[in-house]
2 protein chains.
Amino acid sequence: MTDPVFTGGERAPTGVEVAAWIRQRIRRGSFAPGQRLIEVDIIRQTGASRFKVREAFQRLEGEGLVETEEFRGASVRSASIDEVRQIYRARIALEGICAADFTRKASAEQIAKLERLQDELDACVTENAPERFGRLNLEWHALLVEGAENDVIRQLLERLNVPIHRLLFESFYSPNRLKHANADHHRILRAIKAGDADGAEAAMRAHVGNGFSTLSNISDEFFG
Amino acid sequence: MTDPVFTGGERAPTGVEVAAWIRQRIRRGSFAPGQRLIEVDIIRQTGASRFKVREAFQRLEGEGLVETEEFRGASVRSASIDEVRQIYRARIALEGICAADFTRKASAEQIAKLERLQDELDACVTENAPERFGRLNLEWHALLVEGAENDVIRQLLERLNVPIHRLLFESFYSPNRLKHANADHHRILRAIKAGDADGAEAAMRAHVGNGFSTLSNISDEFFG
DNA sequence: CTCCGGCAGATTGTCAACAATTTCGTCAGC
DNA sequence: GCTGACGAAATTGTTGACAATCTGCCGGAG
């Protein structure tokens, strides 16, 4: 998956496309929290008209990713440590119920796919590859949410994850976090394969909660 | 609580205000699902400039309340029966965790306030006043979410509730629904007062789930 | 040296005019 | 009566110009 790029010869990007372009940069940290989003810069980089860029800003503010101030334009909204805590609380609730629904609804293939991904995650642990683990971990969670067959929740989680995207990766550099997170995954998988929806939900909630605890320990690096 | 009104003598409304104005009309059903939102009509009714109205549309589309189509403008997004199911699933997760967090965090005053509201709800049951019950019920849930001290979740729930706002009221005209919903409330309150966060969460999840079941029974009236 | 006021450039907010497209009534032809 | 082409009206999309505000620089007063 690459950045949306708008090369010269093609049509001008729409507001939705510009919003996606900005969203991805925010996720990746190219646009840091608090950074002002200058209209002309984005116009230059995307080839979109000013109108479309402003349209994208509105949309992103509706999503809660940027905030605008009179005559100061749009800037990337930065999440406080308390807001991160709130986001994690929401994730606990939503990913938890997804684990339960996945257990009830997932096909054998979907479970097998999850297990294959888990094998790769296991390899990352033995090789101590936190970066790769972070990427595959995202896929793993996305696959599980996908299998819960609830687009409303899937979209909510996608939005909630944007402000904490970088933190998710950072946490895996913390000692033993890889091992512990992986153990959580195995507990979740065991419950799913046993058809124990409640157990899967409880295990997932614990897993997400552990993620936040780790984050809190390394949070000084990111917050005041 | 009245509609945001923009009388002649005052300043022109901002995009945020226009969005709020439209949002409230969607909630109340003045703007029905599928209905097109004509720019000039809204300009006439709000006194906002065309620019601000379009700004509001963008924002509302970001929130998922409105969908826009090329050269056909904005229209109120209509939720399918399956999307309503998904929304309820999200509500079960989020309101459930709020009940648990409320139990842990709420002050004595907040609990007392919830009980006072509950007394009024009880009165509505004996008097069989579904309309009033519906309004107070919203307040009751809002108060509980408020006490959970999680603005992220509060905002998510507010957005999720918009498309089902009318359905929430309709369900209370169903026979015995008032009585059953009220019994659920008492169960939740009992758990809260006992400091039983898990019990409160379970009771809330059952309560919201029951709401959807009732809805499913009367859904033929609203959906195909 | 520091502080303050003001000026120039940069950046965003607003609007009105025009272009593109859809919508809907009308009417000829069958 | 029905169908389909046609065109006017309605509606939305886009652009560019201008207004309002902020930001940073510079020079003078103390």
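As a basis for the values below, the full set of heavy atoms in this structure was taken, side chains included, without hydrogen atoms, waters or symmetry mates. Within every chain, numbering begins at 1; the chains are lettered A, B, ... in the order of the sequence lines, protein sequences first and strands thereafter.
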task: May I ask you to say whether B/Arg132 pairs ionically with B/Glu120, meaning some side-chain N is under 4.0 Å from a carboxylate O?
output: yes
Q.
Counting the atoms with a prime plus P, OP1 and OP2 as sugar-phosphate, which does B/Ile43 contact under 4.0 Å by heavy atoms, base, sugar-phosphate, or nothing?
A. nothing
- request: Using a strict cut-off of less than 4.0 Å between a Lys/Arg side-chain nitrogen and an Asp/Glu carboxylate oxygen, indicate whether A/Arg59 and A/Glu55 qualify as a salt bridge.
  value: yes
A/Arg36 CZ to C/dT11 P, in whole Å, measures 8 Å
N-O pairing of A/Glu67 and A/Arg77 below 4.0 Å
no
For B/Leu65 and B/Arg23 the tightest heavy-atom approach is CD2-CG, 3.4 Å
Report task. Indicate whether the side chain of B/Asn137 and that of B/His185 have a donor and an acceptor atom separated by less than 3.5 Å. Result -> yes
Donor-acceptor contact present, side-chain B/Glu139 to main-chain B/Leu136, <3.5 Å: no
Between CD of B/Glu39 and C1' of C/dA16 the distance, given in whole Å, is 14 Å
Atom CD1 of A/Ile42 and atom P of C/dT11 are separated, to the nearest Å, by 12 Å
Within residues 49-64 of chain B, the residues having a heavy atom closer than 4.0 Å to DNA chain C are B/Ser49, B/Arg50, B/Phe51, B/Lys52
Contacted region of DNA chain D by chain B, from 5' end to 3' end of the hits, cut-off under 4.0 Å to heavy atoms, spans D/dT11 to D/dT14
- Taking atom types as modelled, is there a side-chain donor on A/His207 or A/His180 under 3.5 Å from an acceptor on the other? no
Closest heavy-atom pair, A/Leu60 versus A/Ala19, reported as atoms and distance to 0.1 Å, is CD2-O, 3.9 Å
